[in-house]
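Reading through the C-alpha cells given below for one structure.
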Amino acid sequence: MRGTAVIATLATAVSAKFFNIQAVEDYDWDVTQWTAGCDGDGCYYDFNVSGIASDRNPARPAFLAYCSGSGEGAPYEECDLLDEADVARRVVAKLLPATRSNGSDTVAHIQVSFQYTDLEVDTTWWNFTGHGDASYNQFVAPALDFTIKPDTVAGVA
Ligand SMILES: *[C@@H]1O[C@H](CO)[C@@H](O)[C@H](O)[C@H]1NC(C)=O
Ligand SMILES: *[C@@H]1O[C@H](CO)[C@@H](O)[C@H](O)[C@H]1NC(C)=O
Ligand SMILES: *[C@@H]1O[C@H](CO)[C@@H](O)[C@H](O)[C@H]1NC(C)=O
C-alpha cells in the first residue's frame, strides 16, 4: 500500500507552502452512470468519475474512481480508485445542498476533488476540485452522464 503511505505523509505536511494556479484549460472529468435519490434518511449518490492524463502544467495522471455516499452538506467521502498509476492519488466526493423549487426540477449538486503527487517531484502535490449539476434520477430516469469542470487547483511543495 505504497500509495496510502505517501498520502498519509503528505497530509501531515502542514508547514508546506501553498500556491494556486490559474484556471484549468481544456480539462474536464467525465461522470458516468450517475444515480442518485433521496429517502427518509436523506439523499445519496453513486457514480464513476474519470480524467485523462495530461502533460499541461501541472502534469496530471489519469484516474478512474467509483464514488458513493450520502447526505447533502456532508463531509467528503473517499472514492475507490479503479485503475493503477505510478503516483499516489486520491479522489473524494460530497453532495452539496440541492437547489429545490416547486415542481420537479430539483438540481442535485456534487463536488469532486482529485489530489495526486507531482509526476516528477514527490514532495509536491496537486489538488483539483470541481462541481457538477445533476438530478435525483433514481427510479424516475436513466443513469446520467455529465461533465465536471475543475474550477480550483492548489499545489503544495
Ligand atoms: C465503474 O467502472 C467500472 C470499471 O469500468 C465498472 O465495472 C463499474 O460497473 C462502473 N460503475 C458504475 C456505477 O458505473
Ligand atoms: C412552493 O409553493 C408553496 C405554495 O404555493 C409556497 O408556499 C412555497 O413558498 C413555494 N416554495 C418555493 C421553494 O418556491
Ligand atoms: C483537496 O483540498 C481540499 C482543501 O484542502 C481538501 O478538503 C480535499 O480533501 C483535498 N482533496 C483530496 C482528494 O484529498
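Counting starts at 1 for both ligands and their atoms, in listed order.
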Identify the protein atoms, limited to N or O, that lie within less than 3.5 Å of an N or O atom of ligand 1, and list each pair with its distance to 0.1 Å.
from     : atom 1 : to    : atom 2 : distance (Å)
ligand 1 : 2 (O)  : Asn48 : ND2    : 2.2
ligand 1 : 11 (N) : Asn48 : OD1    : 3.4
ligand 1 : 11 (N) : Asn48 : ND2    : 3.1
ligand 1 : 14 (O) : Asn48 : ND2    : 3.3

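For ligand 3, the polar-atom distance check against Gln115 finds a nitrogen or oxygen pair separated by under 3.5 Å. The N/O atoms of Arg90, backbone and side chain alike, include one that comes under 3.5 Å of an N/O atom in ligand 3.
Close approach to Asn127 involves these atoms of ligand 3, each under 4.0 Å from a residue heavy atom: 1 (C), 2 (O), 3 (C), 8 (C), 10 (C), 11 (N), 12 (C). Distances below 4.0 Å separate heavy atoms of Ser113 from the following atoms of ligand 3: 1 (C), 10 (C), 11 (N), 12 (C), 13 (C).
The side-chain contact (heavy atoms from CB on, under 4.5 Å) test applied to Gln33 returns Ala143, not counting sequence neighbours.
Taking the six-membered ring where the residue is Trp, Trp34 and Tyr45 present parallel rings, their angle staying beneath 30° rather than reaching 60°.
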(request) Could you give me the CA-CA distance, side-chain angles and deciding distance for Lys94 and Glu77, then say whether salt bridge (charged side-chain N to carboxylate O under 4.0 Å, His left out) is met? (result) CA-CA 6 Å; Lys94 63 181 175 185; Glu77 290 190 47; over 6 Å; no
(message) Would Arg56 and Asp26 count as a salt bridge (charged side-chain N to carboxylate O under 4.0 Å, His left out) here? Give the steps.
(response) CA-CA 10 Å; Arg56 281 169 177 268; Asp26 300 327; 3.3 Å; yes
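Figure legend: Arg60 and Tyr27 shown as a cation-pi pair, the cationic atom lying under 6.0 angstrom from the six-membered ring centre and within 45 degrees of its axis.
Here Leu96 contributes atom CG and Glu72 contributes atom CD; the two are 8.5 Å apart, rounded to the nearest 0.5 Å. Taking CG of Leu144 as the start and OG of Ser135 as the end, the distance is 4.5 Å to the nearest 0.5 Å.
When the shell of 6.0 Å around CG of Asp55 is examined, it contains 12 or fewer heavy atoms from other residues, nucleotides or ligands.
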